[in-house]
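Being a predicted model, the structure only gives us computed values, none of them experimental. Just so you know, these numbers use all the heavy atoms, side chains as well, and skip hydrogens, waters and symmetry mates.
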Amino acid sequence: MAEKVEVGAKMARSYEVEPIPPYSLRATFTGTEPAFPSVFDGRCLWRVVRASSGTLIPLRVEQVGPPDDPLLLVEVLPSSPPASEADVEEALRALCRFLCTGDDLSSAYAKMAADQALRPILPYVRGMMPWTAFTPVEGLINAIVFQQISLRVAFSIMERFVKGLGEAIRVRGRILYAFPSLDAIMRAGQDGLRMLGLSRNKASYILGIAEALEEGQLDLEALSRLPAGRAIGELTALRGVGRWTAELFLATGLKRWEVVPADDLGVRRAFSSIYGLEEPSGEAIRALCSRWGRDAWPIAYSMLVWAERRERLLKLVGRGARILRVGGPAGT
DNA sequence: AGCCAGGCTCTCG
DNA sequence: CGAGAGCATGGC
């Protein structure tokens, strides 16, 4: 321990990461924010990583190259205790997984280009990586918090949850938060969680999951090795986890991209408007996605973002000017 | 004001 | 079994 004190105490260390192009941090996070405590300020992504040693490691990431020749500058900000080499390596690995720097979307793009309805979307989503949770645990808790309520509300509750239970770190004149530990969540208990805006049900779901994780009855990483169907089965056995939650978790928490939360309201809206389907069922969407294999979630996510963005645009235009209608379902 | 929002569980018939 | 109520907060 002692010899590491002077190494990282004051000086920030920085690293370079070369993502697989095309890659755009800005396209990935503007309009589609990461869940708190990951923060994107328009230029940099800020995040505190909890290493398995327990050390909290604050990171700052900035993209310096263009999407087709991308380079990420990662700064390991000073912390106390200072991060060891092993801590830093672990933090960088987690960061790259989160940022999808090693994920090649070229086959997803090829499939979109070959699809009449998706080809026009492609230029708008190139370089945007699928929304991802920083860790599996975070992904599962996010998915539970996101149930039913609007994204706006869900994000604000996540922020209260993290600020209420996660460690705060002051760095570069900013306050960053670590995602709450399982201990902190369990200490908060039912009442503590409810105070943060969670419903009775969601508070108890999250407590149940935290306990199962702590006692080793639940191993989220182990689900990575199961076929998707079996993983969904294991997950839905948990109280508070239905099919939607299990699928969203697999796609965003474990990056099982052959899985799409097909019953999701936003996904259904996207498939409806882009393919001109009327109230498509989850099964209809699954059928369409199944031919995309592991590109299913990146493609569905692209559709989701584009449809949402277009909706917002139409709403905006609708207020002032005349609408020039382009494509979409023949709605009356 | 009241309803809906990126669901799930519990209850009841 | 299928249908319905209740739930947290924020926006419209």
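- Note on ring orientation: taking the six-membered ring where Trp is involved, the planes of A:F155 and A:F146 are parallel (angle under 30°, cut-offs 30° and 60°).
- Between A:R13 and A:E85 there is a salt bridge, since at least one side-chain N of the basic residue sits less than 4.0 Å from a carboxylate O of the acidic one.
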Encode nucleotides 2-8 of chain C as B, S and - characters from 5' to 3', where the letter depends on protein heavy atoms closer than 4.0 Å: B to the base, S only to sugar-phosphate, - to neither. ----BSB
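- With respect to the salt-bridge test (charged N to carboxylate O, under 4.0 angstrom), the residues A:R269 and A:D264 do not qualify.
- Nucleotides B:dA5 and C:dC7 place their C1' atoms 12 Å apart, quoted to the nearest Å.
- A:L254 CG to A:E221 CD: the interatomic distance, rounded to the nearest 0.5 Å, is 7.0 Å.
- Stacking of A:R309 on the aromatic ring of A:Y124 is not recorded, the 6.0 Å distance cut-off and the 45° axial limit not both being met.
- C:dC12 and B:dG6 have their P atoms separated by 12 Å, given to the nearest Å.
- B:dC3 sits 12 Å from C:dA5 when the P atoms are compared, rounded to a whole Å.
- Position along DNA chain B of the nearest nucleotide to A:V241 versus A:F146 favours A:F146 as the more 5'-ward residue.
- Judged by closest nucleotide on DNA chain B, A:D264 is the one of A:D264 and A:R239 placed further toward the 5' end.
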Full working for salt bridge (Lys or Arg N to Asp or Glu O under 4.0 Å) between A:E90 and A:R93: CA-CA 5 Å; A:E90 187 184 344; A:R93 213 191 332 271; over 6 Å; no
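- A cation-pi arrangement is absent between A:R256 and A:W297 under the rule of less than 6.0 angstrom and at most 45 degrees off the ring axis.
- One finds the CD1 atom of A:I57 at 8.5 Å from the CG atom of A:L92 (value rounded to the nearest 0.5 Å).
- Taking the P atoms as reference points, C:dG6 lies 15 Å from B:dG2, given to the whole Å.
- At the phosphate of C:dG11, OP1 or OP2 sits under 4.0 Å from a side-chain N or O atom of A:R152.
- The nucleotide range of DNA chain B contacted by chain A, defined by atoms under 4.0 angstrom from heavy atoms of the protein and reported 5' to 3', is B:dA5 to B:dC10.
- Note that the OG atom of A:S199 and the CZ atom of A:R194 stand 7.5 Å from one another [nearest 0.5 Å].
- Residue contacts for A:L248: at a heavy-atom cut-off of 4.0 Å it reaches no nucleic acid atom on any strand shown.
- Tested against A:Y301 for a side-chain contact (heavy atoms from CB on, under 4.5 Å), the candidates A:T252, A:T132, A:T32 yield a single pass: A:T32.
- Here the side chains of A:C96 and A:V17 are in contact, with some heavy-atom distance below 4.5 Å.
- For the P atoms, the distance from C:dA8 to B:dT11 is 16 Å, rounded to whole Å.
- Using a 4.0 Å cut-off between charged side-chain N and carboxylate O, A:E159 and A:R152 make no salt bridge.
- Counting any heavy atom pair closer than 4.0 Å across all strands shown, A:L238 reaches sugar-phosphate atoms only and no base atom.
- Looking at heavy-atom distances under 4.0 Å, A:E247 makes no contact with the nucleic acid at all.
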Which nucleotides of DNA chain B pair, in dot-bracket form (Watson-Crick or G-U under 3.5 Å, | meaning another strand): .||||.|||||||
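- Comparing the P positions of B:dC4 and C:dG4 gives a spacing of 14 Å, expressed to the nearest Å.
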